[in-house]
Student: 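Mind having a look at this structure? Questions to follow.
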Amino acid sequence: MTHFQLTAAPVDLAAQRAALRDPRSGGFCAFEGWVRDENEGRAVSGLEYEAYAPLAISEGERILDEAMQRYGVTAASAVHRVGDLKVGDLAVWIGVSAPHRDEAFRACRYIIDEIKQRLPIWKKEHYLDGDTAWVACTHIGHAHAGHSHAHEPAAR
Amino acid sequence: MTHFQLTAAPVDLAAQRAALRDPRSGGFCAFEGWVRDENEGRAVSGLEYEAYAPLAISEGERILDEAMQRYGVTAASAVHRVGDLKVGDLAVWIGVSAPHRDEAFRACRYIIDEIKQRLPIWKKEHYLDGDTAWVACTHIGHAHAGHSHAHEPAAR
Amino acid sequence: MRVNLQYFAQLREQAGIGDEVVDTSAATPRELYAELRARHGFSLSADSLKVAVNERFGDWQQALVDGDTVVFVPPVAGG
Amino acid sequence: MRVNLQYFAQLREQAGIGDEVVDTSAATPRELYAELRARHGFSLSADSLKVAVNERFGDWQQALVDGDTVVFVPPVAGG
């Protein structure tokens, strides 16, 4: 089972988890990205996510398929929010179930790293001082083939 | 916040997660151990967990404290079931929230590895053929200072 | 040749529109971006972008075809 | 000297009891386990066990004191 979703509504965590249950799975790893109250020293009030949906979904499904094959996990899924979020909100949820814990952890980590690098999803931070900025994790590339982190200044 | 619990009742996942929310946390990693339908080629019908409770709890708290200090995470908690479980049931839940995802993943992995190695908790597997066996992950020691895996045969 | 464009993030804000249809003689995405950058004043250089053609990641040098939908992808930050 | 014992897992099953109070002349957990192993026929050697005294992990050679609670810890498998 692989499934990648974009949603403008809060994520139903119990339903996401339930879809990954499997009697062959002894380990389940989940990752959640939450909106933090600061980034690089600036107080954050909230953010907005914008996605190029058809490509984000097909690339998201591709990442999940890669994780399944690389790590031999039983099931994996992910959901990413779009639209306006406030501090404490869940921005992304990833779940993986696998026979053993090692594969579950590694596949889950792979998925979030690749999501951050490869999906056409953009994040605009809103700061308490009223300023805003588009934040870039990286140029699009493969997270697991070398990292490059850049902070793209606001284009206003 | 650190908190380790033993419980004979199903775990309230939403409450466990909610206790780890923090506006400073941008990443949350959870691990769940589920009862699998087989182990080392034998079909499993269920398990029972037995714990030496006071020492399991104090050692569990110590592991959570170690994870907080080593990885600088915001909050961590864990809960372990005791008593009879069937295939698909949750045996252990671990959650960690941290400013960034790397610490959350690493701390969560540390906690489950140490729990399996250090807590005075014993697992008896019940097989579909009616047989049972006490299963040993290892002798008690530090998981992150070298692994030793042994399968202790049933003592009947 | 007529191509469809969709803009996201900084490019959408700088263009002031989310999409447009343009008549162009650009043979490749690289030529097309140079043309649009001049028109809209985009601050991002092509080196910092990826290109998608018809909902797939594409190549800056591929031949554009009449009716293509082109998206220039600014640096991303999912998760 | 009188010490309290609690048994878990295989040791509990082989002893046929969950706890007992014993009068012993054993000076250390190592001597105490040898005595109890002979009495209950425990299959596990001391090398495969840990020892806890008064709800803390202890040492096989520490001096036992009247009233101590001792637990011999079989190989574990939490999680």
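To find a chain, count down the sequence lines: A is the first, B the second, and so on, and within it residues start at 1.
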Student: Indicate the atoms forming the closest heavy-atom contact of B:V135 with D:A77, along with that distance.
Tutor: O-CB, 2.9 Å
Student: Nearest heavy-atom pair of D:Y7 and B:E50: which atoms, and what distance?
Tutor: O-OE2, 4.2 Å
Student: Taking B:W122 for its side chain and D:P74 for its backbone only, find out whether a donor-acceptor pair lies under 3.5 Å.
Tutor: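 Yes, because the side chain of B:W122 sits within donor-acceptor range (under 3.5 Å) of the backbone of D:P74.
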Student: Between D:F57 and B:E59, is there a side-chain heavy-atom distance shorter than 4.5 Å?
Tutor: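 They are in side-chain contact.
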Student: Would one find more than 12 heavy atoms of other residues, nucleotides or ligands at under 6.0 Å from atom CZ of B:R42?
Tutor: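 Count over threshold, so yes.
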Student: Considering only heavy atoms, which portion of B:A51 lies under 4.5 Å from any heavy atom of chain D: side chain, backbone, both, or neither?
Tutor: backbone
Student: Rounded to the nearest 0.5 Å, how far does OG1 of B:T132 lie from CD of D:E13?
Tutor: 7.0 Å
Student: Please classify the contact between B:Y52 and chain D as side chain, backbone, both or neither, with a heavy-atom cut-off of under 4.5 Å.
Tutor: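 Contact with chain D is through both the backbone and side chain of B:Y52.
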Student: Got a sec: does the CZ of D:R12 have more than 12 other heavy atoms crowding it under 6.0 Å?
Tutor: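 Yes, because the 6.0 Å sphere around CZ of D:R12 holds more than 12 heavy atoms from other groups.
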